*Asks:* 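Below is a structure I'd like to ask you about.
Computed from heavy atoms alone, side chains included, the values below leave out hydrogens, waters and symmetry copies. Because the structure is a prediction, the values reported are computed rather than measured. Just so you know, residue 1 is the first one in the sequence shown, and it goes up from there.
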Amino acid sequence: MDRITLLLDNLKALGGRKLTALGLIFALVVGLVSVGAYYLSRPTLEVLYAGLDREDVSRIGAALKSAGIAFDVNPEGNTVSVPYGQTGQARMMLAERGLPQSANAGYELFDKVGALGLTSFMQEVTRVRALEGELARTIQLIRGVKAARVHIVMQDEGAFRRARLPPSASVIIRTEGPDDSSAAQAIRHLVASSLPGMTIDQVTVLNTDGAILSSNDGEATDAVPVKTLTLEKNIAKDIQDNIRRTLTPYLRLPNFQVSVRARVNTDRKQTNETIFDRESRVERSVRTVKENAQSQNSAGAQNTSVERNIPQPPQASADSKQSTDESKKSEELTNYELSSKTVTTVSGGYNIEHLSVAVLVNRAAFAETGKEPAKPEAIDRQIREIEQLVFSAAGLKKERGDALKVTAVDFTFNEHEISPVESPGLLAILGSHFGTILNSLTAIGIAALVVIFGLAPARRTLLAEPFETRLEPPPLVGVEPPFALDDEAGGAALGPPVRRLAELEENARDAARRRLEELIELDETHAAAVMKQWMKPKEAA
């Protein structure tokens, strides 16, 4: 606090004029240095257009080359840069030629359509093109999708058709990585929800290789192998990550390698099952049938002989037979109602049929630091522990026939791959920052020149004291006074003329001294030259 107080007192002692001069000089120095640093540190190139297609980049490059404007294209090939300050000129020139010609034009197409002479067919075509462009722009916002094109077929209302054809769409995308099926389902939902009357089954998504990523399951049979292969890769990657997270604390990451192969069954299954419950039965109807039958039979007959051929008077028959039959029948039928349950199971997921896991472990990882290599018994024991860890982390099942193999081998490392990258040397660092260093030195030089040749004289002029106007005669350089006025009494005895002459001489000396001090403060070199001229007459005498 004492130092701060002392500093404030010193600043107050300078006065308002000096403080104002210092403030103006400080503001001027900061402004000049800032302006110089801005103009020296600004980039040599600035972005003209970004996110362009290859066709637009080639057309823009040809137009800029024909106009004599230098340009540069980034390594990805989607950004064009021009020298700083020529962006406006380049954009105006490209706008005159209708560049860039983006194929994903959206609703801005209506800005170019005139109201006169436009038929309903042209209006419908323009509307479809605008919808396609807007959907393509939205799809490109999905992470991983670099380019997209959308083709829409609107519903056709024919004059002689009873059924209306639903709208359909097809989308082709180009992604950054090889796994381009992750966003296919999201794209189908996006397109289907953007058009009235369209369903997800009417949207097909393809990649630039011609493979169907997502479509109607009943029609797109070619998409099944792609889905199965993608699913197997995702499952294998998930299991590999689980095994690595489990083994990394036990073994360092460079000391083991994991490989997983998964075989997946994606067949759709439907099971219908009807179950009858015997315990829960109810009588539905009872039918009872009863029958009674009774019959009698009688018959008489004579023995066959010769006498039967002689006529004889009729006689009563003494030989006869009689029989009586009686039958009864009773039938009862009861119908029961049994409770039943029907179960329908539809499986549309996937089933892991087989997993194969192989783990390679570096044998040197089992040895302790600074000690001899581990013995085979210790290695086998640790390998069994690793097998148990991998078996649990991968979720393997013995009844499914999953295979696991863990082997300890000696790894052969490539020294160039695992060696750390050497830091660049001093010359390399200076070379990479040569432009920045040169700009900084230039800014410092400009600031120094401004301070030396501009601000120092201005400071001396502002802080100089004003000259006092006096009526004294000019100083007598190199002239000795004719009388010695050291003795006050003697000077008083000389009389008024002599005393007046002594006062004039003293005033002249004071004025000369003040002017000398001012001259020394303004220019020391000039003051030294004047003093040398004053000293020459004395040396000559």
*Asks:* Looking at Phe366, is Arg381 sitting on its ring face, NZ or CZ under 6.0 Å from the six-membered ring centre and within 45 degrees of the normal?
*Replies:*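 No, cation not above the ring by the 6.0 Å, 45° rule.
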*Asks:* Spell out, as yes or no, whether a donor-acceptor pair under 3.5 Å connects the side chain of Asn362 to the backbone of Phe411.
*Replies:*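 Present.
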*Asks:* Verify the neighbour count for atom OH of Tyr350: are there more than 12 heavy atoms of other residues, nucleotides or ligands below 6.0 Å?
*Replies:*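 No - once you tally the heavy atoms of other residues, nucleotides and ligands closer than 6.0 Å, there are 12 at most.
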*Asks:* Any heavy-atom pair between the side chains of Val361 and Val409 that's under 4.5 Å?
*Replies:*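 Result no, sub-4.5 Å side-chain heavy-atom pair not found.
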*Asks:* Verify whether one side chain among Asn272 and Thr344 offers a donor that lies under 3.5 Å from an acceptor in the other.
*Replies:*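 Asn272 vs Thr344: donor-acceptor pair found between side chains.
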*Asks:* Using a 6.0 Å cut-off, check whether atom CZ of Arg252 has over 12 heavy atoms from anything other than its own residue.
*Replies:*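 No.
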*Asks:* Would you call Arg137 and Glu134 a salt bridge, taking side-chain N to carboxylate O under 4.0 Å as the test?
*Replies:*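 Between Glu134 and Arg137 there is a salt bridge, with a charged N closer than 4.0 Å to a carboxylate O.
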*Asks:* Between Glu232 and Arg261, does any side-chain N to carboxylate O distance fall below 4.0 Å?
*Replies:*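 Result for this pair is yes, salt bridge flagged.
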*Asks:* Quick one, Tyr250 with Glu385, criterion side-chain contact (heavy atoms from CB on, under 4.5 Å). Give me CA distance, side-chain angles, the key distance, then yes/no.
*Replies:* CA-CA 10 Å; Tyr250 188 80; Glu385 295 178 357; 3.2 Å; yes
*Asks:* Do Thr175 and Asn207 touch side chain to side chain, with heavy atoms closer than 4.5 Å?
*Replies:*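 Thr175 does not reach Asn207 side chain to side chain.
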*Asks:* Is the shortest side-chain heavy-atom distance between Asn351 and Val264 below 4.5 Å?
*Replies:*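 Side-chain contact under 4.5 Å: no.
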*Asks:* Is any side-chain N of the basic residue among Asp402 and Lys397 closer than 4.0 Å to the acidic one's carboxylate O?
*Replies:*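 Looking at Asp402 and Lys397, the cut-off is not met.
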*Asks:* Using a strict threshold of under 4.0 Å (side-chain N to carboxylate O), is an ion pair present between Arg384 and Glu387?
*Replies:*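 A salt bridge is absent here (no side-chain N lies under 4.0 Å from a carboxylate O).
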*Asks:* Other residues, nucleotides and ligands only: do more than 12 of their heavy atoms fall within 6.0 Å of CZ on Arg245?
*Replies:*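 Yes, enclosed.
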*Asks:* Between Val357 and Val359, is any pair of side-chain heavy atoms under 4.5 Å apart?
*Replies:*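 Val357 vs Val359: side chains touch.
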